[in-house]
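Okay, structure first, notes after.
No experiment lies behind these values; they were computed from the predicted model shown. Numbers for residues simply follow the sequence, beginning at 1.
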Amino acid sequence: MTLALDRTAQDLLFREARTANAFTGEPVSDEQLQEIYDLVKFGPTAFNQTPLRIVLVRSDEARARLLPHMSDGNRDKTGAAPLVAILAADNEFHEELPELLPHFPQAKDLFFAERPVREQSAGMNAALQAAYFIVGVRAAGLAAGPMTGFDHAGVQKEFLDGDHTPLMVVNIGRPAPESGFPRSPRLGYDTVVTSV
């Protein structure tokens with residue numbers, strides 16, 4: 001084997017991990033989320049930008065505000081998940097670049113002065129960070145149920161502001177037995193990879 005991770009870690013993060021549709025009642029603590037974030041924040045992004053913003057929906061009141069914005073197929077499982085996170089892109093991420101990129105602080109104004117450029121970069125890099133977040137949830141022995149089936153404008157209005165674009169809603173918890181579908185097929189290496 002040429003991978004540095006042992007097979008158990010590979011299975012935990014990829015082969016055996018599934019999108020969970022049902023969870024046990026075990027809560028997900030703030031400490032667990034802190035450890036997850038403290039791991040995944042090191043994933044690479046362009047210009048070391050960190051546009052991902054995470055809104056943890058913990059209270060019953062906040063859950064009641066979120067559920068009407070979820071699509072029909074996602075509402076019940078979101079209502080029952082131990083923890084729900086709204087992942088969003090901060091379109092004003094460039095304000096932090098002088099701190100995050102101290103060797104090139106002028107990148108803030110040189111590359112990201114225009115809002116459309118920031119929105120495109122924030123969306124792409126926050127989505128990349130969201131993928132790291134999902135792998136981090138798996139590394140904690142939990143399961144994630146990422147969903148894009150929701151009223152994006154409604155969630156933005158209810159939980160965010162005009163500078164933040166919602167990307168996905170993620171249900172998080174310890175998966176219940178039989179909480180997911182069987183593994184669906186994946187494309188093989190020869191279909192996906194070409195060499196030039």
Checklist entry - So, Lys108 and Glu96, do they make that salt bridge, N to O below 4.0 Å? => result no

Checklist entry - Between Thr19, Thr78, Val170, which is the residue that forms a side chain to side chain contact (heavy atoms under 4.5 Å, CB included) with Met147? => result Thr78

Is it the case that the side chain of [X] and the backbone of [Y] share a donor-acceptor pair, with hydrogens and angles ignored and the cut-off at 3.5 Å?
X      : Y      : result
Arg53  : Thr165 : no
Gln129 : Lys41  : no
Asn91  : Asp163 : yes
Arg118 : Phe112 : yes
Glu26  : Arg174 : no
Asn74  : Gly149 : yes
Tyr132 : Pro44  : yes
Arg18  : Arg15  : yes

Checklist outcome for this item: Nearest heavy-atom contact between Gly79 and Leu67 is N-CD2, 3.5 Å

Checklist entry - Are any non-hydrogen side-chain atoms of Arg65 and Phe159 less than 4.5 angstrom apart? => result yes

Next on the checklist: I'd like to check Ile86 versus Glu158 (side-chain heavy atoms, cut-off strictly below 4.5 Å). Are they in contact?
Outcome noted: no

Do other residues, nucleotides or ligands put more than 12 heavy atoms under 6.0 Å from [X] [atom1]?
X      : atom1 : value
Asp6   : CG    : yes
Glu114 : CD    : no
Gln120 : CD    : no
Glu99  : CD    : no

Checklist outcome for this item: Rounded to the nearest 0.5 Å, the CG atom of Asp151 sits from the CG atom of Leu66 at a distance of 10.5 Å

Next on the checklist: I need the Leu97 CG to Gln49 CD distance, nearest 0.5 Å.
Outcome noted: 6.5 Å

Checklist entry - Parallel, tilted or perpendicular: which describes the rings of Phe111 and Phe104, with under 30° parallel and over 60° perpendicular? => result perpendicular

Item to check | Which residues share a side-chain hydrogen bond (donor to acceptor under 3.5 Å, both in side chains) with Asn48, sequence neighbours left out | outcome: none

